[in-house]
Amino acid sequence: MTLPAPSRTHQKTKRPAQLFRNLNAKFASIPMILTALVVFVGGTTWTVVHSFTKSRLLPKLDFVGFDQYERLWSSNRWMTSVENLLIYGVCSLVLTMTIGFTLAALLDRKIRFEGVFRTIFLYPFALSFVVTGLAWQWILNPDFGVQNVVRGWGWTGFAFDPLNNPDIVIFGILIAGLWQGTGFVMVIMLAGLRGIDEDIWKAARVDGIGVVKTYVKVIIPMMRPVFVTALVIIASGIIKLYDLVVAQTNGGPGISSEVPAKYVINYMFRAQNLGQGFAASTMMLLSVIIILVPWAYLEFGGKKRG
């Protein structure tokens, strides 16, 4: 027996009823929505508009077209910053995801003292980037860090001084970033692994499928949303990289470890060139959008198609 379709009158009366449901929650969300519109959307629009002006010490609507962007992309300091961010970003994404997932997979095997290991791996994430940068500045210092310790063991020819070498200084910063961020990614991955049904592992063992092949063929595809979320979190942290660089090298030697966020801060508050700082921050915003749009498509576009 087929049920009659609801009439249009019934649908019209149902919509206002849905509109007035949970009024308390909707009223409570108004301040948050207004704050997001005024602070984030308004501030972003204000920044983008003033990036086309020749604002110096104070912002002023004296438009100069794309002059600030032409000057930005012809600056050797900015190009070095972008290059450093690309190197740091690619290495950080690959290594953080790989190491984080590997540690999570090992902890997921129900090893002894799991809580102790989880705490040890996650502890660096509780530290600020400034503390992490200063700690690794001491560890990588050739006079009393790794190089000095190894030479004290008898290897007098050993050399490890990345923070004073312009060619590899960004990798010295990468070491500190991996040490701090890998534990957080490990926790995200471990939560995803704990959500996998135990019956899948039992079925894989019955079929004689190895552990590594089970991870590659079954577990990792099932954890796609977890990987996407971790990827977005890591990428957003990479784009705003600033504290580690200032604490470890302050952009040196020379400008060899400059990053875009430091470029923005220097031009807005030290060089007193707001227009150039606004142009650089707009390019950083564009890079964030480039990351968020594919993430939104993967997260919500796929669900809509399903």
Side-chain angles (χ1 to χ4, degrees), residues 35-94 129 133 166-171 173-174 177 231-298 301:
T35 301
L37 290 175
V38 174
V39 176
F40 295 106
V41 178
T44 300
T45 304
W46 188 85
T47 300
V48 173
V49 169
H50 282 82
S51 69
F52 295 98
T53 68
K54 61 176 182 179
S55 301
R56 300 290 297 184
L57 179 60
L58 295 174
K60 57 181 179 180
L61 291 175
D62 191 356
F63 290 98
V64 291
F66 288 93
D67 287 359
Q68 296 288 2
Y69 292 93
E70 292 176 1
R71 180 185 173 190
L72 178 70
W73 287 103
S74 62
S75 169
N76 184 44
R77 182 183 293 268
W78 174 255
M79 295 305 295
T80 301
S81 301
V82 174
E83 182 182 350
N84 284 334
L85 191 67
L86 286 174
I87 295 173
Y88 181 93
V90 172
C91 294
S92 181
L93 280 174
V94 174
F129 283 106
D167 296 328
I168 60 172
V169 62
I170 194 64
F171 296 103
I173 297 171
L174 175 66
L231 192 68
V232 171
I233 293 174
I234 298 170
S236 62
I238 290 169
I239 291 171
K240 58 185 181 182
L241 175 67
Y242 174 76
D243 311 62
L244 276 178
V245 175
V246 173
Q248 286 187 272
T249 64
N250 199 28
I255 61 171
S256 57
S257 61
E258 286 282 332
V259 288
K262 189 174 182 296
Y263 185 96
V264 172
I265 296 296
N266 286 344
Y267 271 88
M268 290 185 68
F269 299 104
R270 294 184 180 178
Q272 296 179 350
N273 188 341
L274 290 179
Q276 184 66 187
F278 289 149
S281 61
T282 301
M283 297 309 302
M284 291 180 66
L285 173 65
L286 182 61
S287 63
V288 173
I289 293 174
I290 292 174
I291 293 172
L292 288 180
V293 169
W295 170 77
Y297 176 79
L298 288 172

Task: Residues that Thr80 engages under side chain to side chain donor-acceptor pair (under 3.5 Å), provided they are two or more places apart - done: none
Task: Pair listing, salt bridge (charged side-chain N to carboxylate O under 4.0 Å, His left out) test, anchored in residues 258-271, at least two apart - done: Arg77-Glu258, Glu258-Lys262
- [ ] Check ring-ring contact (aromatic ring centres under 6.0 Å, His included) between Phe52 and all other residues, then give those that pass, not counting sequence neighbours.
- [x] Phe66, Tyr69
Output a table of donor-acceptor pairs, distance under 3.5 Å, between side-chain atoms of residues 277-285 and any protein atom two or more places apart or on a different chain; print 'none' if there are none.
| from | atom 1 | to | atom 2 | distance (Å) |
| --- | --- | --- | --- | --- |
| Ser281 | OG | Gly277 | O | 3.2 |
| Ser281 | OG | Phe278 | O | 2.8 |
| Thr282 | OG1 | Phe278 | O | 2.7 |

Throw together a table of side-chain donor-acceptor distances under 3.5 angstrom for residues 245-256, partners on residues two or more places apart or in other chains.
| from | atom 1 | to | atom 2 | distance (Å) |
| --- | --- | --- | --- | --- |
| Thr249 | OG1 | Val245 | O | 3.2 |
| Thr249 | OG1 | Gly251 | N | 3.3 |
| Thr249 | OG1 | Ser257 | OG | 2.7 |
| Ser256 | OG | Pro253 | O | 2.6 |

Task: Partner residues of Lys60 under the salt bridge (Lys or Arg N to Asp or Glu O under 4.0 Å) criterion, sequence neighbours left out - done: none
TODO: Name all residues meeting the salt bridge (Lys or Arg N to Asp or Glu O under 4.0 Å) criterion together with Asp243; count only those two or more places apart in sequence or in a different chain, and write none if there are none.
DONE: none
- [ ] Only counting residues at least two apart or in another chain, list the ones meeting salt bridge (Lys or Arg N to Asp or Glu O under 4.0 Å) with Arg56.
- [x] none
Open item on the list: Give me each pair satisfying salt bridge (charged side-chain N to carboxylate O under 4.0 Å, His left out) with a member in residues 35-48, each pair once, sequence neighbours excluded.
Closed with: none
TODO: For Leu231, check side chain to side chain contact (heavy atoms under 4.5 Å, CB included) against everything at least two apart and list the hits.
DONE: Leu93
Task: ring-ring contact (aromatic ring centres under 6.0 Å, His included) partners of Tyr267, counting only residues at least two apart - done: Tyr263
- [ ] Check the surroundings of atom OH in Tyr88: do more than 12 heavy atoms from other residues, nucleotides or ligands lie under 6.0 Å from it?
- [x] yes
Acceptor/donor pairs from residues 39-49 side chains to any protein atom, 3.5 angstrom cut, sequence neighbours excluded:
| from | atom 1 | to | atom 2 | distance (Å) |
| --- | --- | --- | --- | --- |
| Thr44 | OG1 | Phe40 | O | 2.6 |
| Thr45 | OG1 | Val41 | O | 2.8 |
| Thr47 | OG1 | Gly43 | O | 2.9 |

